[in-house]
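Because only heavy atoms are used, hydrogens play no part in the values below, and waters and symmetry mates are left out as well, while side chains stay in. Order of listing sets the numbers, starting from 1, for every ligand and every atom in it.
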Amino acid sequence: MSKSILILPGDGIGPEIVDEAVKVLACLRSDFGLDVDLDEALVGGAAYDVTGHPLPDATLDLAREADAILLGAVGGPKWEPLDYSVRPERGLLGLRAELGLFANLRPAILYPQLAEASTLKPEVVAGLDIMIVRELTGGIYFGQPRGVRTLETGEREGFNTLVYRESEIDRIVRVAMDIAKKRNRRVCSVDKANVLECTELWRQVATQVGKDYPEVELSHMYVDNASMQLVRAPKQFDVLVTTNMFGDILSDCAAMLTGSIGMLPSASLDANGKGMYEPIHGSAPDIAGKGVANPLATILSVAMLLRYSLDEGVLAERLEGAVEAVLNKGMRTPDIHSPGTQGVGTREMGDAVVEALRSA
Ligand code: NAD
């Protein structure tokens with residue numbers, strides 16, 4: 001039976017990079033027998049402009065029905081003056097929450113061809129391959145109560161709540177353990193158990209879950225140390241698992257180790273393998289419409305979609321191989337350009353991946 005993929009281009013460079021990913025999906029369909037139907041809908045600022053809401057009901061309904069979702073990016077200066085409740089980013093948070101996408105997988109891989117792009121010394125990052133597993137639907141980004149109140153003194157006070165149930169910690173640590181079993185069998189759980197009771201519980205539950213995975217080596221690290229270790233000696237890590245906010249920050253840090261935000265995909269999964277796939281970068285308003293955005297993070301998100309939601313691991317590897325082949329040819333969008341390589345735009349990069357797929 002054919003699987004359905006919902007395409008959500010979003011804002012800024014979103015539509016440009018998603019076009020290239022759709023080209024790749026069309027090639028996988030026509031040349032490799034991938035049995036998928038594609039549907040498209042509005043999200044983010046683009047949806048707000050048309051419907052007055054960043055996550056219209058029609059989009060949410062299609063997202064619920066789909067087997068997987070491919071998203072470009074949302075947001076931009078145009079929508080910054082809006083109330084938080086209708087900001088483009090609310091569309092994303094809404095999708096994650098409504099679909100129960102609690103596990104965010106963010107690989108940080110340094111392609112040897114791009115070693116020069118990292119701001120760290122090549123020997124520190126060469127061969128880097130980390131998987132960050134971030135809890136995505138709980139913690140301080142969703143905890144209640146939250147808000148800004150005015151005290152009796154007239155001074156305003158902002159407050160948010162960090163909250164995790166045992167079951168929420170248990171399921172995300174299990175995701176990390178299962179992934180580690182297919183990698184180098186090491187998981188580092190990151191918390192701030194010396195200061196925050198909530199993450200003391202996180203450490204206790206992670207330790208308990210770890211007992212079910214004797215083949216995986218589980219360690220614990222405070223988040224401040226983890227951020228330092230990520231830039232000092234990142235190759236010590238295999239899989240990192242952590243809370244929503246710590247994961248948000250650490251995964252951006254890990255992404256920059258690889259030199260280009262335009263290269264890194266991500267997956268957000270529910271308990272049944274349904275997922276939303278998107279590049280880790282934002283809508284890059286500074287380069288939107290110029291035809292220079294790097295589409296590889298979105299194309300590599302398609303590879304993750306194939307692997308995690310469609311059980312098409314062989315096609316996923318083939319697509320990742322096509323991306324490597326294009327890099328080997330020296331083709332580079334401006335964000336990963338270096339002397340002696342061939343400068344290309346968004347469309348040329350997408351076309352090159354399709355050609356490499358066909359000739360592999
Ligand atoms: P950003 O990731 O959009 O851009 C940061 C820098 O990286 C910019 O210089 C941009 O040109 C560059 N860049 C990003 N993607 C690129 C690509 N594919 N190719 C080449 N260069 C690329 O982050 P920002 O500037 O902080 O945010 C811009 C907007 O995106 C904001 O409205 C923000 O809220 C939103 N945002 C959305 C998401 C998402 O949709 N998941 C994530 C982060 C930020």
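Side-chain contact, Y141 with D248: a donor N or O sits under 3.5 Å from an acceptor N or O. Looking only at atom types and distance, the side chain of W202 has no donor-acceptor partner in the side chain of T243 under 3.5 Å away. Remark: the S309 side chain and the Y277 side chain contain an N/O donor-acceptor pair separated by less than 3.5 Å. A donor-acceptor contact closer than 3.5 angstrom is absent between the side chains of E166 and Q204.
Between R307 and E320 there is a salt bridge, since a side-chain N of the basic residue sits under 4.0 Å from a carboxylate O of the acidic one.
The protein residues lying under 4.0 angstrom from ligand 1, judged by non-hydrogen atoms, are I13, A73, V74, G75, G76, E89, L92, I261, G262, E278, H281, G282, S283, A284, P285, D286, I287, A293, N294, D335.
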Query raised in the report: Can you check side chain to side chain donor-acceptor pair (under 3.5 Å) on D49 and W79, steps first, answer last?
Result: CA-CA 9 Å; D49 287 347; W79 300 283; 3.0 Å; yes
